[in-house]
Trainee: 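Handing you a structure now.
Fair warning: this is a prediction, and the values are worked out from it, not measured in the lab. Atoms within each ligand, like the ligands themselves, are counted from 1 in listed order.
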Amino acid sequence: MTSASSIDPKQFRRALGSFTTGVTVVTTRSAEGKDVGLTANSFNSVSLEPPLVLWSLDRKSSSAGAFMAADHFAVHILASDQESVSNQFARSGVDRFAGLTLERGHGEVPLLGGCSARFVCRASYRYEGGDHVIMVGEVMSFDSFGRAPLVFHGGNYGLLMKKKAADVGDATSSFGDDWLGFLLGRAYYQMLMPLRADVQRQGLDDIHCNILSALSMGDGRSIAELSRLVEITGHHVGEEHFAGLAARELIVLEGGERVCFTEAGRRYAIELMAAGKSAEADAERELDYNEARLLKMLLKRVIRATGPGLPSHWRKENFWHENNVWGQRTSGATGVASV
Ligand SMILES: Cc1cc2nc3c(=O)[nH]c(=O)nc-3n(C[C@H](O)[C@H](O)[C@H](O)COP(=O)(O)O)c2cc1C
């Protein structure tokens, strides 16, 4: 254990960073009538009766003078999509309120919107706290907007993931129903079951859909290129698949080699995309906004981890062309649902 006499400030900071907090922006109005604010994660609750909260203010902060003299301040608990607000209120030498719509609270303190909760306080007590001053505020009014909070841990922003008992799973199952491959596959196939049933009613199968999906990310590819792209699904594409799509007038084979959408094919690909989006919404029904974001972020990490060594034609920048069905630029592309 590190003793008080030999505390290294960097290590101390790192150890403190293992305490997970939310992120707040504290605001006030200076005696000169200027709006002042800063990002603070030292916020905490103190008392319910009377209602008291605290945060600590760095004495060296350029806002210190204003807060030391203030009669009121407001604490905003930032929502998960307010990382940029947190950064803006931590930046030196900028107008931290630029571009923000403000309301006013007691003592004309500026109030920000979009947050998870906010407390307007009377500055009741100040305590010495080394290089910080502990500011205690009596809550005069508050709003709770129910938005998911922004999280701060180890110097990084995070998202809150609730650890519900039902999500923990059976720790004894080491393979089978706890194997990542099974979970990914099962979720994928279940999510697309309604879509697949519809596709089959049209006399098409997964491979047909995958060809249409690859084509929607860039029209006019060769048969060989489309076949190579679809093989990432583990399916082998045969001539009969192209012939089947052509017979249904969803594609035309120009010069027997270049595959292009017909108008009906383009429409059908867009319908598949819409059905895919609706299947996604259904799949995310039991996830809140944060959990859905987190799931996608984690899956992207799995994709990155398993990506090295893939042939270059499966890299997005290589298969996504400007003439994609969605009219999107290469950089902002998202894939069409494929079965
Ligand atoms: C996540 C985070 C938490 C912070 N927490 C505090 C805090 O609790 N108290 C504080 O005085 N400054 C805190 N700061 C620093 C201030 O927001 C601000 O960056 C600092 O006071 C420098 O501002 P200045 O240039 O106006 O002095 C925090 C910054 C960040 C990014």
Trainee: Is Glu128 paired with Arg59 through a side-chain N to carboxylate O contact shorter than 4.0 Å?
Mentor: yes
Trainee: Please list, by chain and number, the protein residues whose heavy atoms come under 4.0 Å of ligand 1.
Mentor: Leu38, Thr39, Ala40, Asn41, Ser42, Ser56, Leu57, Asp58, Ser61, Ser62, Phe89, Ala90, Ser92, Arg96, Phe152
Trainee: Pairs in or reaching into residues 225-252: which pass salt bridge (charged side-chain N to carboxylate O under 4.0 Å, His left out), with residues at least two apart or in two chains?
Mentor: Arg221-Glu225
Trainee: In terms of side-chain geometry, is the basic nitrogen of Asp58 or Lys60 positioned less than 4.0 Å from the acidic oxygen of its partner?
Mentor: yes
Trainee: If the condition is salt bridge (charged side-chain N to carboxylate O under 4.0 Å, His left out), which residues does Glu108 pass it with, not counting sequence neighbours?
Mentor: none
Trainee: Ion pair present between Arg147 and Asp81, side-chain N to carboxylate O less than 4.0 angstrom?
Mentor: yes
Trainee: Hydrophobic cluster mates of Val75, side-chain heavy atoms under 4.5 angstrom, ILVMFWY only, any path?
Mentor: Val26, Val36, Leu38, Phe43, Val53, Trp55, Leu57, Phe67, Met68, Phe73, Ile77, Phe119, Val133, Met135, Val139, Phe142
